[in-house]
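Okay, so here's the structure we're looking at.
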Amino acid sequence: MYKGIAASRGIGIGSICRLIEHDLSFEAKIVSDIAAEKDRFRKAIDSFVEDTNAMADEIRKNIGPKEAEILLGHAVMISDPAMSGEMFKMVDAGQFAESALTAVCDMFIGMFSQMEDEMMRQRASDISDVKVSVLKKLLGVKDIDISKVAPGTVLVCKDLTPSMTSQIVKENVAGIITEVGGKTSHSAILARALEIPAVLSVPGIVDAVNDKDTAIIDGTEGDVYINPDGEVLSKYILKREEFIRKQAELKTFFGKETLTADGDKLEIYCNIGTPKDAKKAMECDGEGVGLFRSEFLFMDNTHLPTEDEQFEAYKEALETMQGKTVIIRTLDIGGDKDIPYMDFEKEENPFLGFRAVRYCIANPDMYKTQLRAIVRASAFGKAKIMVPLVTTVDEVRSVKKFVEEIKKDLRAEGIAFDEGIEVGCMMETAASAAIADLMAKEADFFSIGTNDLTGYTMAVDRGNAKVAYLYSAFQPAVLRSIKQIITAGKEAGIPVGMCGEAAADPLMIPLLMSFGLDEYSVNPVLVLTARCIISKWSKAEADALADKVMAMDTEAEIVAALKAAAKE
């Protein structure tokens with residue numbers, strides 16, 4: 001058995017087809033006819049952009065607009081003067097087009113791959129995909145036609161790029177195995193959108209298998225079996241049938257309220273990164289948006305987005321959600337999210353440095369522009385403002401003061417807005433958990449960010465493999481922090497939600513129900529799964545389980561107990 005990252009749920013059984021990478025080596029040359037070389041390079045880029053836009057159209061028709069944006073982003077990337085401009089400068093200096101492309105792309109790949117955040121590291125993978133695709137154009141190398149694989153095929157490759165994914169005929173591909181990639185990589189996102197089981201980051205799998213080998217992929221557990229014996233094969237055929245049955249059961253929860261076994265109402269919200277993602281939240285039956293990551297408006301730009309640009313984005317999300325709550329997190333940058341045009345100073349430890357709300361309060365003109373755009377947009381739906389990385393009460397008061405100043409100005413200008421717009425805290429630091437009772441006196445709501453809360457509480461860098469074993473929301477210290485935050489919120493009479501990954505974890509959900517969590521914000525595709533799990537637990541059952549595990553000493557004991565109690 002091989003072990004990897006469970007990236008797309010389900011059981012896949014089929015015959016392997018390896019996607020072997022082409023030899024893209026080339027001999028660097030000094031160019032004598034610079035005009036001709038620039039023309040050759042431009043034609044390769046134009047051909048790449050044309051093909052990419054065509055593939056994006058196919059993905060939009062067959063998968064969805066959000067997934068198409070991944071490929072469209074590749075076309076925008078190569079056209080960005082920060083990238084292509086540098087390449088053409090090198091050609092002007094006499095460099096071979098292949099050399100210029102490789103040098104500039106490798107520079108950006110190196111920069112992004114050093115970042116801790118997996119979504120930022122994904123940019124390195126995107127740039128690598130662009131580099132390979134354009135290099136193939138320059139070298140005249142033809143891609144493998146994935147659309148022609150036979151039904152029941154398991155694709156095995158180093159990395160399944162978006163350009164490769166666009167060719168997949170869903171009915172023919174039983175599963176995907178790669179050597180690289182994580183849960184938030186674009187290959188994972190596209191595999192989930194296609195509902196194809198996928199296991200990523202299986203070391204050396206391409207060389208370890210042969211074409212026509214039989215493979216079993218467990219995209220829920222991250223297990224891969226090659227040429228299994230009859231007993232294992234029979235077991236997984238039954239597991240596949242059970243998974244299909246459960247998926248059919250989930251569809252019965254569409255359009256229904258989120259109710260516990262006792263009939264108590266909770267809410268399942270969605271995490272989104274762009275205004276267009278709100279459409280996916282609605283399609284997946286989300287009851288609101290618990291986290292709109294506004295930094296992507298800044299990161300996918302070459303300048304500070306204007307008030308009107310931001311207003312239109314927030315307005316679009318609010319109108320798409322048709323009156324349902326949209327919690328907009330204000331700019332969360334710094335740390336591993338660097339934006340070149342904002343000219344951040346290099347810090348020795350950026351995760352503990354000048355970032356998020358600290359940066360925003362110190363740059364009031366920029367911050368008030370964002371807050372004003374959100375407050376203006378609140379006239380078009382139920383908007384809430386969420387402040388990231390709060391560690392002191394003063395930070396919350398400062399943001400609230402800005403909001404009140406903005407309201408006063410908008411009244412004077414006769415511009416409509418929601419007078420009751422709320423300002424809440426993203427509870428994701430050890431400091432905020434320790435003073436949750438004080439924070440609850442100032443905040444209108446809490447939303448727990450378990451990803452960072454786990455990292456800061458456990459003093460662990462989740463990107464460091466040597467200490468990654470400590471990174472778990474089931475650590476006693478993290479569970480106590482979560483409970484403390486929820487209790488403080490409930491005692492103050494403010495709603496408490498969770499927008500970290502733990503909100504969708506089937507093992508965590510009964511504990512959160514016991515602690516009193518009101519709102520669970522998850523990836524849109526997990527809305528029905530979370531609703532189904534909640535429906536199977538009564539408050540008394542959840543309390544009994546929570547009492548048991550909160551008395552345990554170790555993460556291993558807690559996870560074992562939760563697995564034993566899990567309801568299928």
Side-chain angles (χ1 to χ4, degrees), residues 112 115-123 184 269-275 277 289-301 304-305 309-310 313-314 317 326-345 347 349-364 366-374 377 383-392 395-396 398-400 402-403 422-433 439 443 445-456 461-463 497-501 503 521 523:
F112 283 115
M115 296 180 180
E116 301 295 345
D117 186 279
E118 193 171 346
M119 296 190 77
M120 296 309 300
R121 289 200 301 272
Q122 177 58 43
R123 287 175 177 258
T184 60
Y269 284 10
C270 296
N271 299 331
I272 67 172
T274 70
D277 291 346
V289 169
L291 171 63
F292 180 173
R293 302 179 182 91
S294 69
E295 60 268 20
F296 289 96
L297 297 172
F298 294 73
M299 293 166 68
D300 293 340
N301 223 320
L304 272 174
E309 286 173 337
Q310 293 188 65
Y314 306 140
V326 176
I327 299 176
I328 302 168
R329 181 175 71 186
T330 62
L331 190 55
D332 185 7
I333 50 168
D336 54 348
K337 297 176 192 154
D338 187 14
I339 300 177
Y341 64 79
M342 296 184 78
D343 197 26
F344 278 94
E345 291 182 16
E347 295 181 293
N349 192 340
F351 284 92
L352 302 180
F354 190 49
R355 54 170 298 210
V357 70
R358 301 165 184 178
Y359 177 88
C360 290
I361 290 173
N363 291 273
M366 179 276 297
Y367 196 34
K368 288 172 82 171
T369 296
Q370 179 178 33
L371 292 172
R372 183 178 160 100
I374 297 172
K384 293 186 179 184
I385 297 167
M386 181 159 67
V387 187
L389 205 79
V390 289
T391 54
T392 71
E395 290 165 338
V396 186
S398 294
V399 177
K400 290 174 72 176
F402 286 159
V403 171
E422 296 181 0
V423 177
C425 298
M426 190 162 181
M427 305 293 280
E428 54 185 335
T429 65
S432 63
M439 291 285 192
F445 64 91
F446 283 162
S447 185
I448 303 170
T450 51
N451 300 1
D452 276 343
L453 181 63
T454 301
Y456 286 123
D461 172 6
R462 59 177 158 165
M498 178 178 286
C499 56
E501 288 182 13
S521 194
N523 182 306

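Counting from 1, the numbers follow the sequence of the chain as shown. Note that this is a predicted model, so its numbers are computed, not measured.
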For [X] against [Y], the heavy-atom pair lying closest together:
X      : Y      : value
Thr429 : Leu453 : O-CD1, 3.6 Å
Tyr314 : Leu297 : CE2-CD1, 3.5 Å
Tyr269 : Gly290 : CB-N, 3.4 Å
Phe292 : Ala313 : CE1-O, 4.4 Å
Gln310 : Thr369 : NE2-CG2, 4.0 Å
Pro388 : Thr330 : CD-OG1, 3.3 Å

Given side chains that start at C-beta, do those of Val396 and Val387 come closer than 4.5 Å, heavy atoms only?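 Val396 does not reach Val387 side chain to side chain.
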Check whether any side-chain heavy atom of Val357 sits under 4.5 Å from a side-chain heavy atom of Met426, and report yes or no. no
Donor-acceptor check, side chain of Asn451 to backbone of Glu501, threshold 3.5 angstrom: yes or no? yes
Is a donor on one side and an acceptor on the other found under 3.5 Å between the side chain of Ser521 and the backbone of Cys270? yes
In Å, rounded to the nearest 0.5 Å, how long is the span from [atom1] of [X] to [atom2] of [Y]?
X      : Y      : atom1 : atom2 : value
Asp332 : Arg355 : CG    : CZ    : 5.5 Å
Ile328 : Arg293 : CD1   : CZ    : 14.0 Å
Arg329 : Ser447 : CZ    : OG    : 9.5 Å
Met366 : Ile333 : CE    : CD1   : 5.5 Å
Leu331 : Cys360 : CG    : SG    : 4.5 Å
Phe402 : Ile385 : CZ    : CD1   : 12.0 Å

List the steps, then state whether side-chain contact (heavy atoms from CB on, under 4.5 Å) holds for Glu428 with Leu389. CA-CA 6 Å; Glu428 54 185 335; Leu389 205 79; 4.0 Å; yes
Only one of Val423, Val326, Ile327, Val289 clears side chain to side chain contact (heavy atoms under 4.5 Å, CB included) with Lys384; which? Ile327
